[in-house]
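To start, the structure under review is shown below, and the notes come after it.
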Amino acid sequence: MKDYLVRAIAKEAGIRGLACVTTGLANEIADRHDANPAARAVLAHVLTAGALMGALLKVQQRVAVKLEGNGPLGRAIVEADSYGRVRGYTAVSQPQLDVTIATQKPVQAIGNEGVLTVVKDLRLKELYEGYVPLHGETVGEALTYYLNQSEQIPSVVATGVRLDENGRILVAGGLLLQSMPPDDGRLLHQLADQLQELPPVDALLAEGKTPENILKLAFGEVDYKVLEERPLEFHCTCSRERTEQALISLGRTEIEALLANEGQAVVNCHFCHEEYTFSREDLEVILALIEANEE
Ligand SMILES: [Zn+2]
């Protein structure tokens, strides 16, 4: 199954629904980070959460979801945009961590104590930022808590990940239901209770259910309409030009030090592990650019 997300709406009831499958992009990103099975599982949960949050945005907006804590994984970050492009990483890619815990209780892998932060670029003057303490055992529970407490929108989120016998992601995906007027949260809570009776998302995906099937199960008796199906994909915004700009912004002293010591600069993107190498000649050009800017 290709990675994609389905958006649906129950207009009269006032519930928005999103469901997605993220198996391919999660494996691709985890491969880039050489993640072990435990890190791979946590990363897949967080990437799925990011894809769902991205789908709540309007055109050209971006979101970052960051989970940080005192556990073996330390930190997981995902960025997503309104076009279904996702990137992310974990602070540690080879943690000493039980794979079952990472798969079923990923928040524990990040920490018993910690913070979930959401930063949104809504194309306004300032970034929107909200945060809550890490809550629950699953990324779905943590994000549900954030949406209800910080954004105060009745919501329920579930993400599911299952690994195969080689420690690769067999299935990853998620579901998000959110209240819109006229629902005041009452119907949403009923649907959330019904979700408890259903098999978890990873079990549904593993038995071949599609995001459309999952939405149908989640909405139950409620009338809804599918609005859109859109692809999801790994995409990193880094480039050689951006990296060069970053080097220029380091300033003359730093570049002179790089030239004197390493004789080159190797810059590694946190998000995708792409490596950008700037030779002595490249650095001399950068130095000349900095000097020209200073005049
Ligand atoms: Zn990158």
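Atoms within a ligand are numbered from 1 in the order they appear, just like the ligands themselves. Sequence positions, counted from 1, serve as the residue numbers for this chain. What you see below is based on every heavy atom in this structure, not just the backbone, and it leaves out hydrogens, waters and symmetry mates. Model, not experiment: these values are computed from the prediction.
- Taking distances strictly below 2.8 Å, the protein N/O/S atoms close to the Zn ion (ligand 1) are C236 SG, C238 SG, C269 SG, C272 SG.
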Would you list the atom pairs, donor with acceptor, under 3.5 Å between side chains in residues 198-207 and any protein atom, with sequence neighbours excluded?
{"from": "D202", "atom 1": "OD2", "to": "R162", "atom 2": "NE", "distance (Å)": "3.4"}
{"from": "D202", "atom 1": "OD2", "to": "R162", "atom 2": "NH2", "distance (Å)": "3.4"}
{"from": "E207", "atom 1": "OE2", "to": "K209", "atom 2": "NZ", "distance (Å)": "3.0"}

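- Nearest heavy atoms, P72 versus V92: O-CG2, 3.7 Å.
- For the ring pair (Phe, Tyr, Trp, His ring centres under 6.0 Å) condition, the pairs that include at least one residue of residues 63-100, sequence neighbours left out, are Y89-H270, Y89-F271.
- Neither M180 nor Y224 shares a network with the other; the hydrophobic side chains, linked directly or stepwise wherever heavy atoms of I, L, V, M, F, W or Y lie under 4.5 Å apart, form separate groups for each.
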With a 3.5 Å cut-off and sequence neighbours excluded, list the donor-acceptor pairs that the side chains of residues 43-52 form with protein atoms.
{"from": "H45", "atom 1": "ND1", "to": "T159", "atom 2": "OG1", "distance (Å)": "2.8"}
{"from": "H45", "atom 1": "NE2", "to": "T103", "atom 2": "O", "distance (Å)": "2.7"}
{"from": "T48", "atom 1": "OG1", "to": "T22", "atom 2": "OG1", "distance (Å)": "2.8"}
{"from": "T48", "atom 1": "OG1", "to": "A44", "atom 2": "O", "distance (Å)": "2.7"}

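- Side-chain atoms of T237 and R85 include no donor-acceptor pair closer than 3.5 Å.
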